[in-house]
Structures are given as C-alpha cells and as structure tokens.
Amino acid sequence: MEQIKCPHCGEYFTIDESGYTAIVNQIRDKEFEKQIEKNRKELKENQESVIQAAVIKSRSDSDKEIMELKQRIIELESSHSLIISKKDNEIDNLKNEKNRAVQDAVREEKEKIREMESRHSLELSKKESEIKDLEKDIEKNKLQYSLELEQKEKFHSEELKLKDDEIKRVTEFKLQQSTKMIGESLERYCENEFNKLRATGFQSAYFEKDNDARTGSKGDYIFKDYSGDVEYISIMFEMKNENDETKTKHKNEDFFKELDKDRNEKGCEYAVLVSMLESDNDYYNTGIVDVSYRYPKMYVVRPQFFIPLITLLRNAAMNNLEDKKALMEMQSKNVDVSTFESSLLDFKDKFGRNYELANKKFNSAIEEIDKTIQHLQKVKDELLSSGNNLRLANDKLDDLTIKKLTKNNPTMKQKFEEAGVDVDGKKKKGE
C-alpha cells in the first residue's frame with residue numbers, strides 16, 4: 001500500500017500498488033510529454049536561431065560580396081573611362097598632327113608652285129617682250145620688203161623687155177653659134193663669158209669647175225657669191241652640147257634628175273642646165289625656162305642667157321639678203337626660246353618627279369598614321385565592349401535573388417523553408 005498527499009487539501013490517502021502504478025504512469029506520461037514538448041520547443045528555437053544566424057550570415061556575406069563587386073565595377077568603370085579618355089586624347093592628337101602635316105605639306109607645295117609660277121611669269125614676260133620686238137622688226141622688214149618688191153617688179157618688167165629683145169635675136173644667134181662653137185666646148189664658152197665680167201661685176205664671187213666626185217658624180221661648175229662672211233647665193237651648173245650630126249639625140253629633161261642630185265649633194269640653192277640640146281624646140285628657145293615644176297629651183301637656158309640668169313638670181317638674192325639676215329637672227333632667237341622652253345620643261349619634269357617622290361613618302365606617312373588611328377580605335381572598341389560586359393555583369397548582380405541561388409540547390413532551399421523564409425528571402429505569413 002502507498003500513501004499519497006493531495007496537492008490541494010494536504011491530506012494523505014492510501015492506494016494500492018496497482019493504483020499507485022497507474023497514477024505514477026499517468027504522471028510520468030504527462031511529465032514526459034511536457035519534457036518532450038519543452039525539448040521540442042528548445043530544438044525548434046535552436047533551429048530557428050541557427051537558421052536565422054545562417055540567413056543573417058548568408059545575407060551579410062552576400063551583401064559584402066555584392067558591395068565588393070559593385071566597388072570593383074566602379075573602379076573598373078573609372079579605369080575604363082580614364083583609358084578611353086586617354087585613347088581619345090591620343091587619337092585627337094594624332095589627327096591634329098596629321099592635319100598639321102597635311103596643311104604644312106600643302107602650304108609648302110603651294111609656296112613652291114607660286115615660286116615656280118613667279119619665275120615662269122618673269123621668263124614669259126621677258127620672252128613676250130622679245131617677241132614683241134621681233135614682231136616690230138618683222139613689220140619693219142615687211143614694209144621694206146614691199147618697197148623692194150615694187151622695185152623688183154619694175155626691174156623684172158625691164159628684164160622682160162630685154163628678154164623680148166633677146167628672143168628676136170635667137171635665130172640669128174643659133175646661126176652664129178653653130179659656127180662659133182666649132183672646135184670650142186660649151187664649158188669653155190661659159191667660163192670665158194664669166195671671166196670677162198669677173199673683175200667688174202663679180203669681185204666677191206666664186207666660179208670654178210666641180211672636181212669633187214667623192215659622191216659618185218659631179219656637176220660642171222659651181223657659182224657662189226658672198227656679202228662679207230654670209231653666202232647668199234649658190235648655183236650648180238651643168239653644160240650640155242650636141243652636134244647636129246649626132247645620131248642619138250638627147251633631151252634636156254634626160255639630165256634633170258642627175259643635176260638635182262649634184263645640186264643637193266654639193267649643197268647649192270639653184271640648179272641651172274646650160275644646153276644646146278633640142279635646138280629646134282621653141283619652148284627652150286624662148287629664153288630662161290623655169291622647170292621647178294619638175295625639180296625645185298631649176299632652170300634651163302641657152303648659152304646667151306648664161307650671164308643674164310646669174311645676174312637675175314644674184315640680184316634677187318641680194319634684195320633678200322637683209323631678210324635672210326633677219327631670218328637667221330630670228331632663227332637664232334627662236335633657238336634661244338626653244339632652249340628656254342626645253343629647260344623649263346626639263347625643270348617641270350624634274351620638279352614633277354621630286355613632287356611625286358615627296359608625295360609618295362607623304363602618303364606613306366599618312367597611311368601609317370591611319371593604321372595607328374585604326375589600331376587605337378580597335379582598342380577603344382574593345383574597351384567599350386569590356387565596359388558593356390561589366391555593365392551586363394552589374395545588371396545580373398542586381399538581379400541576383402535567393403530564389404535564383406537556390407534554384408538548383410535543394411538543400412539550401414529546404415534550409416530556408418525550415419527557417420520560415422521563402423525563396424524570395426521573405427518570412428512566411430503567420431510565423
């Protein structure tokens with residue numbers, strides 16, 4: 001039997017062993033449940049404390065890392081801005097240097113061109129003045145030539161009259177000549193006729209046989225006359241005679257080609273055939289016959305016109321002597337002008353080559369500068385791309401949540417749920 005004190009009235013009462021056991025078991029069960037409940041609460045509180053500490057620590061670590069990342073991003077952005085600013089300055093400096101180099105080169109070339117144009121203008125002005133002087137001389141010579149031409153026409157009119165008189169005597173001359181030339185060559189006759197007038201009318205003249213056969217052929221006589229040191233006329237003579245009894249008759253034109261060849265080889269201005277051929281041909285019996293339609297400056301005459309023809313050609317050449325001297329002077333001046341133009345063209349050619357070489361080097365330098373600018377622009381683009389990547393990383397960091405962190409991590413998700421925190425980092429309602 002067991003005695004038990006009542007907790008309310010303080011009296012003792014006796015119960016048997018089975019009842020005591022039942023009471024003890026009942027009390028023990030209640031105490032055990034209380035203890036279990038207490039332990040459960042303590043465990044829950046401990047779990048909540050641990051979870052809260054873990055969440056706080058996790059949030060603290062995350063916030064610290066986020067702050068560090070943001071600070072790093074700020075530093076990188078600042079460094080990136082400085083680098084971009086520095087590169088922009090370098091690009092601007094290179095562009096300015098390029099522009100200055102281009103301006104300096106253009107200014108230098110313009111100065112060279114202005115200098116060349118100035119020299120060229122001076123030379124042209126000088127040559128224009130000389131040309132004007134030459135034009136004045138030409139006008140003066142033209143006036144003098146017109147006066148001399150009138151005199152020549154008058155003189156030729158008189159000569160034609162003399163020619164008509166001589167024509168009347170042709171037949172008589174032929175009869176006399178056929179007798180006179182017996183035993184005497186035509187060459188001898190012409191030489192004698194010239195020598196009769198050499199001392200009085202041809203003091204400065206040259207009249208000799210052509211003995212130079214180095215070219216394979218030669219004429220009969222060469223006539224030249226001078227004014228000082230200037231040769232103003234030269235004539236190649238060929239004399240052809242033929243007896244009436246000659247079976248094979250030659251024509252005058254049979255000798256034109258050879259005479260023209262001899263004239264050119266000996267450098268004579270005129271060619272004259274003194275001929276007794278075709279004695280019955282009135283065309284050649286009329287006097288001085290001009291055959292320049294066949295060969296330039298060529299004449300055919302009978303022996304009686306040998307001296308008159310020389311006189312006519314010489315007088316005409318003397319009248320043109322001043323014109324010839326003026327022409328020679330003009331040709332000399334034209335040579336000077338040609339030399340000047342040649343020198344100027346040579347200068348332009350050399351200047352053009354030098355300019356081309358300088359321009360080639362200049363363009364090469366510009367290309368190098370452009371390549372440097374392109375390289376710097378590429379670095380700038382890469383830095384801008386890096387900054388863009390940093391900006392995207394920062395945006396992703398700002399968008400970071402516990403939900404995204406625990407998306408593929410069930411253990412951490414369970415821990416947060418047990419701690420009463422949802423995946424968005426907020427406590428559940430009612431807790």
Peer 1: Once rounded to the nearest 0.5 Å, what's the spacing between atom CD1 of Ile233 and atom CG of Asp225?
Peer 2: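 Result: 7.5 Å between the selected atoms.
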Peer 1: Can you name the salt bridge (charged side-chain N to carboxylate O under 4.0 Å, His left out) partners of Glu253, sequence neighbours left out?
Peer 2: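 Only Arg294 meet the salt bridge (charged side-chain N to carboxylate O under 4.0 Å, His left out) criterion with Glu253.
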Peer 1: For Lys224, what residues pass the side chain to side chain donor-acceptor pair (under 3.5 Å) criterion, not counting sequence neighbours?
Peer 2: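 Lys224: no side chain to side chain donor-acceptor pair (under 3.5 Å) contacts found.
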Peer 1: What's the spacing between Ser292 OG and Lys297 NZ if we round to 0.5 Å?
Peer 2: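 Spacing of OG (Ser292) from NZ (Lys297) equals 10.0 Å.
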Peer 1: Can you list everything that forms a side-chain contact (heavy atoms from CB on, under 4.5 Å) with Ile307? Sequence neighbours excluded, please.
Peer 2: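 Expected list: Glu193, Phe194, Leu197, Thr311.
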Peer 1: When rounded to the nearest 0.5 angstrom, what distance separates CZ in Arg314 from CG in Asn319?
Peer 2: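 One gets 11.0 Å once the value is rounded to the nearest 0.5 Å.
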Peer 1: In chain order, what residues pass the side chain to side chain donor-acceptor pair (under 3.5 Å) check against Glu258, with sequence neighbours excluded?
Peer 2: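 In terms of side chain to side chain donor-acceptor pair (under 3.5 Å), with neighbours along the sequence ignored, Glu258 is linked to Ser217.
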Peer 1: Step by step, work out the ring pair (Phe, Tyr, Trp, His ring centres under 6.0 Å) result for Phe306 and Tyr189.
Peer 2: CA-CA 10 Å; Phe306 169 66; Tyr189 167 79; 7.9 Å; no
Peer 1: May I have the step-by-step check of side chain to side chain contact (heavy atoms under 4.5 Å, CB included) for Phe223 and Leu313, ending in yes or no?
Peer 2: CA-CA 11 Å; Phe223 170 85; Leu313 294 178; over 6 Å; no
Peer 1: List the steps, then state whether side chain to side chain contact (heavy atoms under 4.5 Å, CB included) holds for Leu186 with Asp220.
Peer 2: CA-CA 11 Å; Leu186 182 58; Asp220 288 330; over 6 Å; no
Peer 1: Does the distance from a Lys or Arg side-chain N to an Asp or Glu carboxylate O, for Arg107 and Asp104, drop under 4.0 Å?
Peer 2: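 Yes, this pair counts.
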Peer 1: What closest approach, in Å, do Val274 and Cys190 show between heavy atoms, and which atom pair accounts for it?
Peer 2: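 Looks like CG1-SG, 3.9 Å.
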Peer 1: Output yes when a side-chain donor or acceptor of Arg198 lies under 3.5 Å from a complementary backbone atom of Phe207, and no otherwise.
Peer 2: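 Side chain of Arg198 to backbone of Phe207, a donor-acceptor pair under 3.5 Å: yes, one is there.
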Peer 1: Would you compute the distance between atom CG of Asn281 and atom OG1 of Thr286 and round it to the nearest 0.5 angstrom?
Peer 2: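 Rounded to the nearest 0.5 Å, the CG-OG1 separation comes to 9.0 Å.
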Peer 1: Just wondering, do Leu312 and Ile288 contact through their side chains at under 4.5 Å, heavy atoms?
Peer 2: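 Ile288 reaches Leu312 side chain to side chain.
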Peer 1: What are the two closest heavy atoms between Ser275 and Val300, and how far apart are they?
Peer 2: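 Nearest pair, atom of Ser275 first, then Val300: CB-CG1, 4.5 Å.
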Peer 1: Asp210 and Met236: side chain to side chain contact (heavy atoms under 4.5 Å, CB included), yes or no, with the steps?
Peer 2: CA-CA 9 Å; Asp210 180 17; Met236 169 63 72; 3.7 Å; yes
Peer 1: List for me each residue that meets salt bridge (charged side-chain N to carboxylate O under 4.0 Å, His left out) alongside Lys126, sequence neighbours excluded, and say none if there are none.
Peer 2: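 With sequence neighbours excluded, Lys126 shows a salt bridge (charged side-chain N to carboxylate O under 4.0 Å, His left out) to no residue whatsoever.
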Peer 1: Any non-hydrogen side-chain atom of Lys240 less than 4.5 Å from a side-chain atom of Leu273?
Peer 2: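 A side-chain contact exists here, since the closest heavy-atom pair is under 4.5 Å.
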Peer 1: Identify, with sequence neighbours excluded, every residue that meets salt bridge (charged side-chain N to carboxylate O under 4.0 Å, His left out) alongside Glu265.
Peer 2: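 Partners of Glu265 by the salt bridge (charged side-chain N to carboxylate O under 4.0 Å, His left out) criterion, ordered by chain and then number, come out as Lys261.
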Peer 1: Stepwise, does the side chain to side chain contact (heavy atoms under 4.5 Å, CB included) test hold for Phe237 with Glu187?
Peer 2: CA-CA 10 Å; Phe237 283 100; Glu187 293 180 12; over 6 Å; no
Peer 1: Run the side-chain contact (heavy atoms from CB on, under 4.5 Å) test against Gln203 and tell me which residues pass, sequence neighbours left out.
Peer 2: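 Here no residue qualifies.
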Peer 1: Side chains of Tyr221 and Glu191 only: does a donor on one sit below 3.5 Å from an acceptor on the other?
Peer 2: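 Indeed, the side chains of Tyr221 and Glu191 share at least one donor-acceptor pair under 3.5 Å.
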Peer 1: Of all residues at least two apart in sequence or in a different chain, which pass the side-chain contact (heavy atoms from CB on, under 4.5 Å) check with Pro296?
Peer 2: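 For Pro296, the residues satisfying side-chain contact (heavy atoms from CB on, under 4.5 Å) (neighbours in sequence not counted) are Asp260, Arg263.
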Peer 1: Ring pair (Phe, Tyr, Trp, His ring centres under 6.0 Å): which pairs involve residues 251-291, sequence neighbours left out?
Peer 2: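 Listed once each, the pairs are His250-Phe255.
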Peer 1: Under the rule for salt bridge (charged side-chain N to carboxylate O under 4.0 Å, His left out), what residues qualify as partners of Glu97, not counting sequence neighbours?
Peer 2: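 Listed in chain order: nothing, the list is empty.
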Peer 1: Once rounded to the nearest 0.5 Å, what's the spacing between atom CE of Met298 and atom CG of Leu259?
Peer 2: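 Those atoms lie 4.0 Å apart.
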Peer 1: Once side chain to side chain donor-acceptor pair (under 3.5 Å) is applied, do any residues pair with Ser227, and if so which ones, sequence neighbours excluded?
Peer 2: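 Here no residue qualifies.
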Peer 1: Compare every heavy atom of Gly267 with every heavy atom of Ser234, then report the nearest pair and how far apart it is.
Peer 2: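 Residues Ser234 and Gly267, closest heavy atoms: OG-O, 3.9 Å.
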Peer 1: Under the side-chain contact (heavy atoms from CB on, under 4.5 Å) rule, collect the residues that match up with Asp282, sequence neighbours excluded.
Peer 2: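 For Asp282, the residues satisfying side-chain contact (heavy atoms from CB on, under 4.5 Å) (neighbours in sequence not counted) are Asn285.
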Peer 1: Quick check for you: to the nearest 0.5 Å, what is the distance between Lys251 atom NZ and Leu277 atom CG?
Peer 2: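 The NZ atom of Lys251 sits 11.5 Å away from the CG atom of Leu277.
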